[in-house]
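Take a look at the structure below.
Chain letters run A, B, ... following the sequence lines, proteins first, then strands; residues in each count from 1.
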Number of protein chains: 4
Amino acid sequence: MNKKRAQILNAAIELFSLNGAWNTPTAKIAKHAGVANGTLFNYFSSKQILVDEVYIEIKKDLAEFIVPASLGKSFESNLRLLWHNYIIWGVRKPLHYNLLLQLRNSEMLSEEAKVKADEIFQGIMGILEKGMSDKKIVPLPIKYLSELIMAQTDAAINFAKLHQMEKEKLEEHIKRSFSVFWHGAKT
Amino acid sequence: MNKKRAQILNAAIELFSLNGAWNTPTAKIAKHAGVANGTLFNYFSSKQILVDEVYIEIKKDLAEFIVPASLGKSFESNLRLLWHNYIIWGVRKPLHYNLLLQLRNSEMLSEEAKVKADEIFQGIMGILEKGMSDKKIVPLPIKYLSELIMAQTDAAINFAKLHQMEKEKLEEHIKRSFSVFWHGAKT
Amino acid sequence: MNKKRAQILNAAIELFSLNGAWNTPTAKIAKHAGVANGTLFNYFSSKQILVDEVYIEIKKDLAEFIVPASLGKSFESNLRLLWHNYIIWGVRKPLHYNLLLQLRNSEMLSEEAKVKADEIFQGIMGILEKGMSDKKIVPLPIKYLSELIMAQTDAAINFAKLHQMEKEKLEEHIKRSFSVFWHGAKT
Amino acid sequence: MNKKRAQILNAAIELFSLNGAWNTPTAKIAKHAGVANGTLFNYFSSKQILVDEVYIEIKKDLAEFIVPASLGKSFESNLRLLWHNYIIWGVRKPLHYNLLLQLRNSEMLSEEAKVKADEIFQGIMGILEKGMSDKKIVPLPIKYLSELIMAQTDAAINFAKLHQMEKEKLEEHIKRSFSVFWHGAKT
DNA sequence: AATGAATGAGACTTCATTCAT
DNA sequence: TATGAATGAAGTCTCATTCAT
């Protein structure tokens, strides 16, 4: 990939996360990235597109991070791993995570970007669908199930960050949060 | 209360929700509210303050709506009612609900506003704390429990809106969502 | 005279002097004067007129203060008294004095106000003219002479204020400053 | 130096002088300078800073103009030259001169600007100090002496402009004005 | 006469975007 | 391809003035 493009994306993620995308000027991003003002527009033809690409970049990073290299045998263990990895990602990459939340409900994303970002998660959706059709879990619409998982892991991430949890304590917290979910959702 | 102030607040809520607070000019709000440009600043001395007050207004509206007039006997029934009312509110007031999510992670709110908004929910927090200390529910930090509830109800609201649920269907959905939660959390 | 009118004038003098007339809103003047916003415009139909009236008020105050009740016999003693009184006025009424300087070169005064203010000093000009025609002083255009006097007294006032002179020290300073002038200008 | 910057400074000096800095919009300055609205702010990050820089520019121009290329032998001749040059400058550059007076007492200048502007005149102050310590002049505080000189030359400039003096007549006027001063101040 | 809420023109300033170098 | 000065539309906010009470 292109180096300058990556610099700009990273600068944007950092500044967007800290100050809000809506009040981060492109000029500041360029400066933070160590490139000229106009260079940014050689790589991203408008700020709208930059925002979209930042969102997609984050979603890609997340998807790569949480998908297990190889799927285990049981649905529960696969789901537990996804659950675990998502929380770890959220804790380890606070800027990315914060920005993800920020953009999700901001009315700043184009429809195209949302669709594209969803596509990245189709593989993960597949795992859930499989578990559902195998009746490993209470029958819920797949879309609702995923929202539910995301919602509960978000709560877990926020709480872990609030208490600056690390290592064993964090693992314990993840375990417990999954346990609460699994108790309610398993068949 | 003051009529013009309310007009402005309502106009702001509507436009913020539809277009994003970050790209709703104060001039448009004033026009939509049927007042002059400068009048807005007689009531809200800056856009920042308007945003803060909008957020507080929404939280107040929500708190009023979900708190049961009289608390029932059992913790479960009280919690079930809160759960129910929150989802109803989210479905009935989509603009308010959407804006609530938008502002929460936007970096647009002042710290003062966040604190003030939290104070509005202290009564509701009290209900949870009571249930917890009475061991009606698995021992979780109260802050995490509330995040968890909010997260799951948010998921339920999103899903209900996605499928434009109403009446019996909506009630059924609410019931099921609570059931999943209660299963996982009850002692 | 009218009490409210005087309150407004005094408030204006104070605020104009401290912050500059150009950035003192009429609303602040009204508040400082303890009257309503609109009341100010009952007495002064525009800010321009208020500024003009403030200037005239100051000039009147100054003229009243410096003109000796009864003129002495010698031109020198009369002039010495004017000189003395002007400096005393400038030191005792720093707000008035400061504002006088501020307005003089500000392009904020209407031509009418300047003319009116000059009329107030015609009596004093008469004294100078008399001394000139009696050849008590080197032949200079009367207008230049008055400028010269004002200029030197201004310098004396600034210096006295800089060193916070009072009583004997101030009197000594005034004496010396007049002496320098008189040495240069007497015939 | 930078061409656009100079254009803006010159436009500002002209418009400030004619209409007062307080009621010259930045938009008018930009237009008069032949640049876009925003360009002005590339060179002067706020109107306050533009005003400050205008003041400093004028003081620099004045200092350059009045300081003699080489100092003569006698203190009197050096002082006479400064006196002469200042008056000539004031008459030849009426816009600059008018604005200098306007800004001096306007409460529009930042303290930094005043300090910076004073530094420009340190060389000239040195000349006066030398004359003082050599007892060529009555013992007066240096600060007062400079105020006195400025005050009298200001009077001379105003009078010269009032009568639209030129060439011999102007030179004669300057000579006389210095003579009045020197008579009063020499030892 | 006194009030003060309402007005809206206009001020300063920001910033996404362009384009000549 | 990279630059960064220039642009000007558009945003937030101020404030002299009006007018119904």
**OP:** Apply salt bridge (Lys or Arg N to Asp or Glu O under 4.0 Å) to the pair Glu119(A) and Lys116(A), showing each step before the final yes or no.
**Re:** CA-CA 5 Å; Glu119(A) 284 169 8; Lys116(A) 230 174 163 181; over 6 Å; no
Give me the atom names and distance for the closest heavy-atom approach of [X] to [Y].
X	Y	value
Thr26(D)	Leu40(D)	O-CD1, 3.7 Å
Tyr55(A)	Ala117(A)	CE2-CB, 3.6 Å
Ser45(A)	Ile49(A)	OG-CD1, 3.2 Å

Subject >> Pair Glu107(B)-Asn23(A), side-chain hydrogen bond (donor to acceptor under 3.5 Å, both in side chains): steps then yes or no >> reply: CA-CA 9 Å; Glu107(B) 312 286 338; Asn23(A) 90 133; over 6 Å; no
Original post:
What are the residues of residues 17-38 of chain C, sorted by number, that bring a heavy atom to within less than 4.0 Å of DNA chain E?
Top reply: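 Result for residues 17-38 of chain C: Val35(C), Ala36(C), Asn37(C), Gly38(C), sorted by number.
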Subject >> Close residues, residues 103-112 of chain C, relative to DNA chain E [heavy-atom separation under 4.0 Å] >> reply: none
**OP:** Mind checking side-chain contact (heavy atoms from CB on, under 4.5 Å) for Glu112(B) and listing every partner two or more places apart, or none if nothing turns up?
**Re:** Ser110(B)
What distance do [X] atom [atom1] and [Y] atom [atom2] have between them, rounded to the nearest 0.5 Å?
X	Y	atom1	atom2	value
Asp61(B)	Ile120(B)	CG	CD1	10.5 Å
Leu9(A)	Arg5(A)	CG	CZ	5.0 Å
Phe16(B)	Thr24(B)	CZ	OG1	5.5 Å
Lys161(A)	Asn98(A)	NZ	CG	6.0 Å

**OP:** Using five base pairs at each end, measure the axis-to-axis angle across the helix from dA2(E)-dT21(F) to dT21(E)-dA2(F) and round it to 10 degrees.
**Re:**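 Inter-axis angle at the termini of the helix from dA2(E)-dT21(F) to dT21(E)-dA2(F): 0°.
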**OP:** Check whether more than 12 heavy atoms from other residues, nucleotides or ligands sit under 6.0 Å from atom NZ of Lys31(D), and answer yes or no.
**Re:**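 Count not over threshold, so no.
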**OP:** May I ask you to check whether over 12 heavy atoms, not counting those of Lys114(A), lie within 6.0 Å of atom NZ?
**Re:**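 Yes, because the 6.0 Å sphere around NZ of Lys114(A) holds more than 12 heavy atoms from other groups.
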Subject >> Bounds of contact between DNA chain F and chain A, in 5' to 3' order, using a heavy-atom cut-off under 4.0 Å >> reply: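 Listing 5' to 3', DNA chain F meets chain A from dA2(F) to dG4(F).
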**OP:** Answer yes when Glu57(A) and Lys60(A) have at least one side-chain N-carboxylate O distance shorter than 4.0 Å, and no when they do not.
**Re:** no
Subject >> Side-chain donor-acceptor pair present, Glu14(A), Asn10(A), cut-off under 3.5 Å >> reply: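 Asn10(A) and Glu14(A) do not have a side-chain donor-acceptor pair below 3.5 Å.
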Original post:
Atom NZ of Lys4(C) to atom C1' of dA2(E): distance rounded to whole Å?
Top reply: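 Rounding to the nearest Å, NZ of Lys4(C) and C1' of dA2(E) are 6 Å apart.
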**OP:** Quickly work out the Asn2(C) CG to dA2(E) C1' distance and round it to whole Å.
**Re:** 12 Å
Original post:
Do Leu50(B) and Val54(B) come close enough that some side-chain heavy atom pair is under 4.5 Å?
Top reply: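 The answer is yes; the side chains approach within 4.5 Å.
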Subject >> DNA chain F contacts among residues 42-50 of chain B, heavy-atom distance under 4.0 Å >> reply: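 Contacts with DNA chain F under 4.0 Å: Ser46(B), Lys47(B).
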